[in-house]
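Quick notes on the structure that follows.
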Protein chains: 2
Amino acid sequence: MRQGCFNAPVQNSDAMALSAALLAAAGDLTQRIHEGVAARGFADLRPAHGFAFARLAPGGASVTELAAHLGVTKQAASQLVDEVVRKGYAERRPHPGDARARLVVLTERGRACTRAAEEVAAEVVGEWAELLGEQGLYVLRDALARIAPYGPVRPAW
Amino acid sequence: MRQGCFNAPVQNSDAMALSAALLAAAGDLTQRIHEGVAARGFADLRPAHGFAFARLAPGGASVTELAAHLGVTKQAASQLVDEVVRKGYAERRPHPGDARARLVVLTERGRACTRAAEEVAAEVVGEWAELLGEQGLYVLRDALARIAPYGPVRPAW
DNA sequence: ACCATATAGTCAAGCAGCTTGACTACGTTC
DNA sequence: GAACGTAGTCAAGCTGCTTGACTATATGGT
């Protein structure tokens with residue numbers, strides 16, 4: 001239980017197997033959500049848009065906040081906002097209390113897409129529940145919550 | 001326990017929280033390995049190279065096999081091989097038994113980089129072990145192994 | 001009140017990594 | 001051995017990102 005244990009209790013190969021499983025699960029989840037959302041009528045979006053929507057959904061965000069969330073430059077975030085605005089998923093509003101900034105908020109279509117993503121995620125997680133059992137799923141959720149960092153979303157590579 | 005349960009036992013928001021935690025953990029792991037490998041003297045590589053090395057390490061692979069593993073076209077895989085060959089991490093050899101194909105194998109430098117990645121992964125997983133305990137880590141590994149698919153590696157978005 | 005500095009956002013140019021299309025060399029099948 | 005399939009490369013183009021430069025607004029010290 002001591003910290004900084006130098007005789008690593010984890011073999012390198014074990015660590016790689018665990019890492020590979022985590023990355024495979026994450027990649028598969030992303031792919032499944034992407035496909036499921038596309039199948040529900042939102043085929044003009046990529047996974048990156050979903051991560052943006054996750055930040056925009058609870059009340060909107062500025063371009064700079066979105067850029068920090070996605071881990072890209074604000075120019076890149078601005079281009080992404082241009083795109084989702086053009087496609088009708090979001091709109092730019094004046095920012096209350098800061099005339100420089102603009103608040104990017106989801107439109108009804110953007111919220112519908114977010115709900116679709118939630119449905120697909122629930123579907124996939126439901127499959128996991130069948131594989132792991134309710135308790136196993138709870139344990140997984142708890143473990144991931146402990147090791148998952150806060151901060152910007154990063155690509156799995 | 002029955003399959004195809006329509007009254008999903010998992011709330012949408014719960015599924016999104018679990019999904020977000022999984023993707024955050026995967027993104028963080030990728031970032032940590034990338035930084036750790038760079039700090040050990042392999043700063044001219046990106047995460048995608050690591051995924052390629054994982055496929056090349058056990059005996060090499062053809063460009064087409066690598067492309068399937070990475071989920072990209074064989075032209076893209078060929079360009080990636082060009083790059084790691086130019087940087088001294090791999091080399092192209094004649095393929096035994098198929099004169100069309102070429103076997104891409106890691107050089108000693110490539111194997112050293114793979115070992116470095118394993119070390120960093122063990123470091124990160126060691127931190128998880130401190131957060132979860134040995135048993136918690138085992139349960140996580142088991143759960144991920146159950147839900148992780150085989151097949152091509154996919155980007156987390 | 002004013003000026004210096006910092007921040008929000010955009011415009012423009014360039015680049016890296018991927019795609020599609022076309023092609024050659026070799027293998028496989030009948 | 002003729003026809004078709006597969007491995008790999010070359011070439012051109014596109015997309016999403018970067019860096020650099022700029023305007024407009026906000027903030028803080030004097």
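Because the structure is predicted, anything quoted here is derived from the model rather than measured. By convention in this document, chain letters (A, B, ...) are assigned in the order of the sequence lines, proteins followed by strands, and residues within each chain are numbered from 1.
- Legend: residues meeting salt bridge (charged side-chain N to carboxylate O under 4.0 Å, His left out) with B:Asp44, ordered by chain and number and at least two apart, are absent.
- Remark: A:Phe53 pairs with A:Tyr89 by the ring pair (Phe, Tyr, Trp, His ring centres under 6.0 Å) rule, at least two apart or across chains.
- A:Arg46 places its CZ atom 14 Å from the C1' atom of C:dG17, with the value rounded to the nearest Å.
- Comparing the start and finish of the helix from C:dA1-D:dT30 to C:dC30-D:dG1, five pairs each, the helix axis swings through 30°, to the nearest 10 degrees.
- Taking atom NE2 of residue A:His49 and atom C1' of nucleotide D:dC17, one finds them 13 Å apart after rounding to whole Å.
- With sequence neighbours excluded, the residues forming a salt bridge (charged side-chain N to carboxylate O under 4.0 Å, His left out) with A:Arg146 are A:Asp142, listed by chain and number.
- Scanning for side-chain contact (heavy atoms from CB on, under 4.5 Å) contacts around A:Ala61 gives A:Arg55, A:Leu56, A:Glu65, with sequence neighbours left out.
- Applying the side-chain contact (heavy atoms from CB on, under 4.5 Å) rule to B:Arg102 yields the partners B:Arg92; only residues at least two apart in sequence or on another chain are considered.
- DNA chain D is contacted by A:Gln75, A:Ala76, A:Gln79 of residues 75-97 of chain A, taking any non-hydrogen atom closer than 4.0 Å.
- Listed pair A:Thr73 / D:dT18 meets the phosphate criterion, a side-chain N or O lying under 4.0 Å from OP1 or OP2.
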Using atom types as modelled, flag every donor-acceptor pair under 3.5 Å from a side chain in residues 72-81 of chain A to any protein atom, sequence neighbours excluded.
residue: A:Thr73; atom: OG1; partner: A:Ala76; partner atom: N; Å: 3.2

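- In this structure, CG of A:Asp44 is placed 12 Å from P of D:dG16, rounded to the nearest angstrom.
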Protein-nucleic acid N or O pairs under 3.5 Å, nucleotides 3-8 of chain C:
residue: C:dT7; atom: O2; partner: A:Arg100; partner atom: NH1; Å: 2.6

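- Computed from coordinates, the A:Leu66 CG to C:dT10 C1' distance equals 15 Å when rounded to whole Å.
- Counting side-chain heavy-atom gaps under 4.5 Å among Ile, Leu, Val, Met, Phe, Trp and Tyr, B:Tyr138 is found in no cluster with other residues.
- Among residues two or more places apart in sequence or in another chain, the side-chain contact (heavy atoms from CB on, under 4.5 Å) test is passed with A:Glu83 by A:Arg46, A:His49, A:Arg86, A:Lys87.
- Shown here is B:Glu108, whose CD atom has more than 12 heavy atoms of other residues, nucleotides or ligands within 6.0 Å.
- Residues forming a side-chain contact (heavy atoms from CB on, under 4.5 Å) with B:Ala54 (at least two apart in sequence, or on another chain): none.
- The pair A:Arg32-A:Glu127 counts as a salt bridge, with a side-chain nitrogen and a carboxylate oxygen less than 4.0 angstrom apart.
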